[in-house]
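Contents: one structure, followed by commentary.
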Amino acid sequence: MINLLAFIVLTVVTLVAYFMPLNGNNVLTLERKYPNLISGPAFVWYLYFLTLLSLALFDRFQAGNMTFRGIKSTKALETLGWTTSGAAFLYTLATVSLHYELIGLTVFFLVLTVLTLLIINGNIKDRSEVMAEKFWVRNPFSLFLGWALYLLMSSIAMGWYTTFSQETPALFLLIGFLAFVLYFAVTNRNIALPLSWIFLLLIKQLENPPGQLLKTVLWVGILFLLVTVFLIAQRDPQQGYARKPVHKTMDKYNFGSPSQLEKLEDDLNEKLKTKPGAKIRLRT
């Protein structure tokens, strides 16, 4: 219930700020007041609307009204605790601060939001790789993290907008955040995060940013993100190589949920607190 209320407040405040200017500012007004080479057209809020939709689906799943092929796993949900409502609350404060043009305070709240989302995504990655968890739990918070990182980057650029008429500071900021996205995506086997950033960088390309160097960095970033998505999709999350297909007759009683042997492995690893690189595997 607390998570649901937190996300309702987040949705109402952010949509009011977008459609009915908060403190006389909407995102387009802020872009004109603080011009820089990082912020996209109206902060590329298309991704944020997708994030809101995915968070709404997460709330339905958490409330028990939704399953994937009749299967609902609670392992990932058990790890969330206060972090979901905390991330929503912090992001709401960041939105209000931004529209009141308190850029330093906005950056502060967004840093806390990103840290909270990193905790969420870090906790989810060690849980069961059940499809329902990936689809209804992991992806919404991956998209949320992708958007929060982009808004943080934009807010930093807005804070020093007088110096961002030059290309060099924008390049450093873009390369730094892009490197973090790539590192987090690889270490957490996270596909939704680089996909969201591919979308953001493509929008920046359509915007035709000035300077050939910035365009080159954007295209190189898109290429690296695509390769990252491909490599993550090809890797077995537990053994590090392509998963062999399982015949339907062998898997029909287990589809979408871990087998008894996998459950035993998970219980042993959880009790022994084994590290990700030293997980106990009973299968041959």
Side-chain angles (χ1 to χ4, degrees), residues 1-60 82-118 120 139-162 164 170 173-174 177 181 192-193 196-197 199-204 206-207:
M1 179 60 72
I2 295 177
N3 290 339
L4 179 60
L5 290 175
F7 283 123
I8 289 174
V9 172
L10 178 149
T11 302
V12 171
V13 171
T14 53
L15 291 182
V16 165
Y18 185 81
F19 291 107
M20 301 171 61
L22 184 63
N23 190 40
N25 290 317
N26 58 25
V27 289
L28 187 58
T29 304
L30 290 169
E31 283 185 7
R32 291 170 178 169
K33 286 185 178 180
Y34 302 92
N36 59 82
L37 298 179
I38 292 297
S39 297
F43 285 113
V44 205
W45 271 51
Y46 321 107
L47 178 64
Y48 183 62
F49 293 141
L50 177 62
T51 302
L52 286 180
L53 177 61
S54 66
L55 289 173
L57 294 175
F58 160 76
D59 281 328
R60 282 197 61 196
W82 62 270
T83 53
T84 50
S85 55
F89 177 69
L90 289 167
Y91 184 84
T92 304
L93 291 177
T95 301
V96 174
S97 300
L98 179 62
H99 285 264
Y100 276 85
E101 300 183 59
L102 303 172
I103 306 300
L105 192 60
T106 302
V107 171
F108 173 73
F109 284 132
L110 283 174
V111 168
L112 293 181
T113 303
V114 168
L115 291 175
T116 306
L117 290 169
L118 289 176
I120 292 174
N139 287 340
F141 289 104
S142 298
L143 292 173
F144 197 0
L145 177 60
W147 170 253
L149 286 169
Y150 181 76
L151 188 58
L152 174 59
M153 183 174 64
S154 298
S155 300
I156 293 173
M158 291 172 60
W160 290 276
Y161 72 99
T162 54
F164 272 73
L173 201 57
L174 181 61
F177 274 78
V181 169
L193 180 59
S196 66
W197 267 63
F199 177 82
L200 288 167
L201 297 187
L202 283 173
I203 293 294
K204 287 296 294 179
L206 296 175
E207 192 186 5

The reported gap from OG in Ser154 to CG in Leu30 (rounded to nearest 0.5 angstrom) is 11.0 Å
When every non-hydrogen atom of Ser97 is compared with those of Leu105, the smallest separation belongs to OG-CD2, 3.6 Å
CZ (Phe89) and CG (Leu112) are apart, to the nearest 0.5 Å, by 11.0 Å
Closest heavy-atom pair, Thr116 versus Gly86, reported as atoms and distance to 0.1 Å, is CG2-C, 4.5 Å
Subject >> Within 6.0 Å of CZ in Phe177, more than 12 heavy atoms from elsewhere >> reply: yes
*Taking the side chain as every heavy atom from C-beta outward, state whether Leu90 and Leu115 have any atom pair closer than 4.5 Å.*
no
In this structure, CG of Leu117 is separated from CZ of Phe144 (nearest 0.5 Å) by 5.5 Å
Scanning both residues in full, the closest heavy-atom pair of Gly24 with Thr29 reads O-CG2, 4.4 Å
Requested in this report: Would you check if Leu55 and Thr84 make a side-chain contact, meaning some heavy-atom pair closer than 4.5 Å?
Outcome: no
Residues pairing under salt bridge (charged side-chain N to carboxylate O under 4.0 Å, His left out) where one sits in residues 44-53, two or more places apart or in two chains, turn out to be none
Nearest heavy-atom contact between Ala17 and Thr95 is CB-CG2, 4.1 Å
Practice item. Kindly assign one of parallel, tilted or perpendicular to the pair Phe7 and Phe141, based on the angle between their ring planes and the thresholds 30° and 60°. Key: tilted
So side-chain hydrogen bond (donor to acceptor under 3.5 Å, both in side chains) across residues 98-113, not counting sequence neighbours, yields Asn25-Glu101, Lys33-Glu101, Tyr34-Glu101
ask   = If we only count heavy atoms from C-beta on, is the Tyr91 to Leu151 side-chain gap below 4.5 Å?
value = yes
- Task: Could you go through the side chain to side chain contact (heavy atoms under 4.5 Å, CB included) check for Ile156 and Ile38 one step at a time?
- Result: CA-CA 9 Å; Ile156 293 173; Ile38 292 297; over 6 Å; no
Assess whether side chain to side chain contact (heavy atoms under 4.5 Å, CB included) is satisfied between Val9 and Val12, documenting all intermediate values. CA-CA 5 Å; Val9 172; Val12 171; over 6 Å; no
Looking only at heavy atoms, the pair that brings Ser196 and Gly146 closest together is OG-CA, 3.9 Å
- Task: Would you indicate whether the side-chain heavy atoms of Val107 and Leu110 approach each other to under 4.5 Å?
- Result: no
Between the CG atom in Leu10 and the CG atom in Leu5, the distance rounded to the nearest 0.5 Å is 12.5 Å
d(Leu152 CG, Leu173 CG) to nearest 0.5 Å is 8.0 Å
CD1 (Ile8) and OG1 (Thr92) are apart, to the nearest 0.5 Å, by 11.5 Å
Check whether the side chains of Asn139 and Ser142 place a donor and an acceptor atom closer than 3.5 Å, and report yes or no. no
